[in-house]
Amino acid sequence: MTMHGTATVNLSRPAPFRLRAEDAERLTGGRWLGQPREATVRGAAIDSRRVAPGCIFACLAGERVDGHDFAAAAVGSGAGLVLASRPVR
């Protein structure tokens, strides 16, 4: 039930949005590598096993596991973008 004047947001299925290279570079301080220079983002993941098509996969380095080692698996699962702090294959 929603009250008058309020909106319901479904956080389990975020709304897709367009991300341009220049915006991503400005927000992260990094460089966009590759083409095209924009993408439709449909979610985000830090676990390569949770990647869905169109997601951003963020490579986080932890104490036991480094997400950079799973970038290729994330792309294989449909990640549209990879956010990394070092080059990945």
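On a predicted model such as this, the values are computed, not experimentally measured, just so you know.
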Using a 3.5 Å cut-off and no angle test, enumerate the donor-acceptor pairs between side-chain atoms of residues 45-55 and protein atoms at least two apart in sequence or in another chain.
unit_1, atom_1, unit_2, atom_2, d
D47, OD1, R49, N, 2.8
D47, OD1, R49, NE, 3.0
D47, OD2, R49, NE, 3.4
D47, OD2, R49, NH2, 2.8

Show me the donor-acceptor pairs within less than 3.5 Å that the side chains of residues 82-89 make with the rest of the protein, sequence neighbours left out.
unit_1, atom_1, unit_2, atom_2, d
S85, OG, H68, NE2, 3.2
R86, NH2, D66, OD2, 3.0

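Residue pairs meeting the salt bridge (charged side-chain N to carboxylate O under 4.0 Å, His left out) criterion with at least one partner in residues 74-84, sequence neighbours excluded, are absent. For residues 29-38, the set of pairs meeting the side chain to side chain donor-acceptor pair (under 3.5 Å) definition, not counting sequence neighbours, comprises R18-E38. For residues 70-80, no residue pair satisfies the side chain to side chain donor-acceptor pair (under 3.5 Å) rule, not counting sequence neighbours.
Note on V65 and F57: same hydrophobic cluster, where clusters join Ile, Leu, Val, Met, Phe, Trp and Tyr whose side-chain heavy atoms are under 4.5 Å apart, directly or indirectly.
Rounded to the nearest 0.5 angstrom, L81 CG and T40 OG1 are separated by 9.5 Å.
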